[in-house]
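When reading the values below, keep in mind they use all heavy atoms of this one structure, side chains included, and skip hydrogens, waters and symmetry mates. Here the structure is a predicted model, which means the values were calculated and not measured.
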Amino acid sequence: MAPLTAAIIEELLETDIDLEEGVEQIVKDLTSHFYDIGELCEKLQTPLTSTSVERRVQGTLLLTRVLAHLPKDMLNSQQLNVMVEFYAARLKDHHNVIPAVIEGIDALVHMDHMRGVDVVKLLQSFFINTTCQSQLRSDRFKLFNTFQYLSERYVSELKLMSGDFIYGIISSIDGERDPRNLDLIFSFMPGFIATYPLLHLSEEMFEIFACYFPIDFTPSPGDPSSITRDDLSAKLIKCLVASPDFIEWAIPLALEKLESELIVAKCDSLELLYQSALNFPCDRIEAQFETIWLALKAEVFPGSEHTTVVDAALRALSCFLEQAAKAQISISHNYQTMLLGTILTHLSDVSQRLFEPAARIAIACLSGDSIFASEKIFGTFLLKLNDSSNPLNNEQCLSVYTIIGKMFKIICSHEPSIYNNLSADLCEQIHRHVGNTLNANDNEDNCNQDLMRAAIIILTESAPLINEENRALIYKVLTKLLKLDFLNLTNELRVLIERLGILQPNELQTKCIDLCICDFDTYSTCVQKKMFEYFLPLVKQSSFTELIVNLLLQQAFGSYSTSEKDKHYVALQALSKLLQYQGKNFVKELQYEKCLIAKYVNLAKNVGTFYFPNMFLAEIAVGLSLIIRSLPVAEQYMVATQNLAKLNLQETSDIYVAQGLLGFLHKDIRLDDHFERLLDDLTQFSMTSDDFEARDVAHHLLCSFVNKIDYNNNNGNGKNNRRILKNKIQHLIELTKEEKESAIDILAWFAKGLTMRGCDEAGEILEELVKLLEHPTLGYAACEAFNIISSKYPHLHLPIIKFLYKQKYFQMMLTKLRHKLETYCEHHLQAFLYILRATPHAVLKLNIENYVRIAVLNLMYDLTKYPTYLLLPHRMDVILELASALDDPKRLVRNAAVRARNSWYLIGAPGTE
């Protein structure tokens with residue numbers, strides 16, 4: 001280490017490269033305590049006091065860079081004080097020196113031992129001697145970052161600066177136009193304003209932000225900062241409502257800009273009103289609310305053609321009412337009275353053009369005191385609903401019901417202590433009218449299902465408020481509606497029944513559900529299906545669990561006449577839904593109590609007498625698989641092995657039972673002892689059966705078995721299993737030579753299961769299938785085999801999936817098919833299309849790019865066969881361009897590049913033509 005001298009300093013300042021290296025060395029010396037920061041400043045005295053501005057810049061920059069690279073805790077408070085005195089004085093220097101000073105101040109203030117009094121000294125000097133807006137954009141960005149850091153760390157010290165600090169920040173921000181700097185300013189200033197008292201400078205602080213509102217900014221294409229107009233606008237609005245003092249100017253600003261014809265200006269103004277409602281005290285807003293309402297009314301009544309403006313205006317209006325209700329209920333009532341005075345007249349005439357906008361405002365009114373507003377609105381609606389001299393038609397009644405349903409949804413979203421204050425008389429009248437409407441629409445000819453849907457929604461949303469007398473009416477009507485097969489209101493009725501079941505389980509059961517169940521066998525299949533959908537959600541309520549489950553089991557496994565077998569199927573479907581959507585514990589307990597597996601297996605034996613037996617068997621398989629998956633692993637194994645011994649896998653019904661019991665077993669369950677029998681029986685069934693649906697089930701089972709069976713244990717069952725599989729594959733290959741298409745199908749499913757687990761035997765099958773693509777009669781079947789391998793089957797359970805198996809499959813098949821693809825063989829092309837469909841896009845892109853690069857490099861190699869005099873002028877350009885390909889990540893590309901570049905390199909060499 002050479003001692004630090006003035007000569008060395010002068011040498012360092014000669015070039016930027018030497019400066020950076022010198023800074024690193026000086027920092028090392030300082031941290032090793034070879035000398036301290038004071039000695040460094042002494043050696044820098046000459047450049048720092050030079051009459052040359054450029055030398056002072058270089059000297060200041062060297063000191064600044066050293067400070068920036070020093071550990072944050074290295075300098076003590078006395079040393080930092082010296083540095084502060086230096087930089088505070090340097091702020092009076094030439095403007096070219098200031099950027100280096102700003103960088104140095106930024107490094108200083110981040111030091112651990114920096115005192116608040118020194119920070120104040122720096123800021124005072126900065127505000128007096130220079131201005132932020134006279135600096136470059138990048139330097140202004142550093143300054144704003146520094147201001148943010150200091151304002152968050154030295155709060156107590158900076159508050160003592162009082163108005164000087166606030167005014168200095170205002171002066172620094174005023175006039176800023178760069179979006180990156182504005183994004184930073186708008187981000188930290190809301191917190192700043194909330195922390196520091198603005199004193200007499202509130203209006204000045206507001207005005208420096210108000211001049212930007214609304215934001216007019218279009219990002220430059222390719223701008224790396226990715227700042228958007230919406231981002232800037234949202235942050236600016238936060239600044240405009242950051243202090244309660246801003247209420248005097250913020251709301252008038254929003255109302256002024258709301259008059260603009262620009263949609264974006266309107267939306268920003270409405271957002272500012274919304275934020276004003278959230279952030280300003282309600283008692284100070286009250287005096288301006290009438291003006292606010294008149295401005296918002298112009299946007300929502302009758303309403304702008306732009307729905308975004310209408311929605312934003314209603315959102316702002318709702319927020320004013322909501323905040324008023326939280327703060328002081330009397331203010332909320334004053335606001336609501338003002339709004340209701342405008343809209344109630346129009347709510348009383350459904351045919352008017354202003355009914356819809358009035359209804360939207362009515363919904364917004366409920367954001368305040370919902371009981372106060374709803375009683376007045378309900379009263380208006382009831383006058384029209386009960387007017388027998390001028391009754392509403394169905395469409396008008398639907399409009400009223402729709403609004404009432406939305407209102408009840410808002411009212412009942414509150415606590416019971418709130419919604420129970422709603423007038424019982426009003427609720428009684430509404431529920432009685434709704435019940436009578438539903439009762440009158442029970443005939444298919446005069447039924448208005450949209451009106452009924454709106455009526456049911458009212459009952460659902462207001463269920464806690466229905467009195468006993470009206471509930472009796474509702475149960476009676478509901479019992480009648482549930483038996484109608486033409487209604488398309490399944491979802492609405494299901495939700496209503498579930499809600500009533502929670503509130504009044506005993507009443508619902510005795511006055512509705514029991515009455516429906518007692519005649520259940522007499523209903524049509526359509527009605528039974530709907531009733532299952534109505535009642536299934538009740539199972540999770542303990543009051544109904546036993547009742548609904550017993551109904552399901554009776555209908556699913558009971559006896560029917562031949563003409564009513566479809567009712568079995570409807571019940572089986574409902575039972576599958578129950579097993580699917582209830583938790584595993586529920587299904588497990590149900591199996592223990594009701595012996596569902598035995599019931600399913602017994603039913604499967606009798607399905608042969610049904611119409612479309614496979615449809616029933618498929619549903620039985622679904623039910624069995626759902627039960628099996630809910631059981632513990634040990635019980636799954638026990639159930640599977642006990643039933644497997646009884647199955648005759650040459651019978652179609654047993655094939656489906658096997659699918660349900662074995663198709664979704666846990667991956668850790670091995671059926672090694674049964675593997676050979678399963679493979680033989682399922683293969684034989686697939687080869688001999690004419691039932692294509694059952695054959696597919698057998699194929700799925702085979703695919704699942706070969707995927708999960710153990711082949712890796714060379715000393716135990718694994719070795720035997722591999723031998724069995726190899727023999728079966730070889731046997732099937734022999735059958736393809738006898739032109740057995742069914743053997744190709746089985747091989748395809750074998751290949752699918754083995755490919756996904758990454759088993760070597762898959763390659764043998766795929767090789768044979770590629771050969772069969774050229775067969776005159778089996779080519780199409782072989783082509784479809786690749787469709788099977790590449791397709792997704794949602795109900796196929798393949799528990800062992802090797803990582804990146806799709807990539808390996810693609811690469812293998814690309815190698816096997818490439819030659820035939822280049823000669824445009826039809827079946828090979830079709831098979832390859834199936835393979836491409838299953839290959840991830842990223843893999844395709846990479847391989848296609850590789851193929852293209854290799855082809856281009858081979859072309860460059862072939863070009864060297866042209867005469868030398870044609871190639872020589874291009875030789876060096878080509879050699880230089882080919883150099884990048886030598887570092888390609890793919891080996892085959894690198895090989896092609898080496899061959900092509902060597903060939904070009906030798907052009908014109910002695911001994912070449």
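Remark: the backbone N or O of Ala885 is not paired with any side-chain donor or acceptor of Arg894 at under 3.5 angstrom. In this structure, the side chain of Ser202 does not engage the main chain of Leu198 through any donor-acceptor pair within 3.5 Å. Between the side chain of Glu271 and the backbone N or O of Ala234 there is no donor-acceptor pair closer than 3.5 Å. Looking at Arg140, its side chain does come within 3.5 Å of a backbone N or O of Gln135 through a donor-acceptor pair. In terms of modelled atom types and a separation under 3.5 Å, the side chain of Asn279 and the main chain of Gln275 share a donor-acceptor contact. For the pair Lys266 (side chain) and Val309 (backbone), a donor-acceptor distance under 3.5 Å is absent. Ser125 contributes no side-chain N or O that, together with a main-chain N or O of Leu122, makes up a donor-acceptor pair within less than 3.5 Å. With Arg901 contributing its side chain and Ile879 its backbone, the two residues share a donor-acceptor pair below 3.5 Å. Ser151 places a side-chain N or O within donor-acceptor distance of the main-chain N or O of Phe147, the cut-off being under 3.5 Å.
Of the charged side-chain nitrogens involved, none lies within less than 4.0 Å of a carboxylate oxygen, so that Glu24 and Lys28 do not count as a salt-bridged pair. In summary, Lys890 and Asp888 do not engage in a salt bridge, as defined by a charged side-chain N under 4.0 Å from a carboxylate O. Lys235 has no carboxylate O lying under 4.0 Å from a charged side-chain N of Asp230, or vice versa, which leaves the two without a salt bridge. The existence of a salt bridge linking Asp118 and Arg115 is confirmed by a sub-4.0 Å separation between a basic side-chain nitrogen and an acidic carboxylate oxygen.
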- What do the steps show when you test Glu85 against Lys121 for salt bridge (Lys or Arg N to Asp or Glu O under 4.0 Å), and what is the final call? CA-CA 8 Å; Glu85 293 289 349; Lys121 190 178 296 183; 2.6 Å; yes

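Under the 6.0 Å distance and 45° angle rule, Arg315 counts as a cation-pi partner of Tyr274. For the pair Arg875 and Tyr905, the cation-pi criterion (under 6.0 Å, within 45° of the ring axis) is fulfilled.
Annotation: Tyr212 is in aromatic contact with Phe186 [ring centroid separation under 6.0 Å]. You'll find the ring centres of Phe209 and Phe213 outside the 6.0 Å limit. Aromatic ring centres of Tyr149 and Phe144: separated by at least 6.0 Å.
Note that the CG atom of Asp36 and the CD atom of Glu42 stand 8.0 Å from one another [nearest 0.5 Å].
Looking at Leu67 and Tyr87, their side chains come closer than 4.5 Å, going by heavy atoms from C-beta outward.
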Atom pairs and distances, donor-acceptor, side-chain atoms in residues 101-108, under 3.5 Å, two or more places apart:
from: Glu103; atom 1: OE2; to: Arg65; atom 2: NE; distance (Å): 3.1
from: Asp106; atom 1: OD1; to: Thr146; atom 2: OG1; distance (Å): 3.0

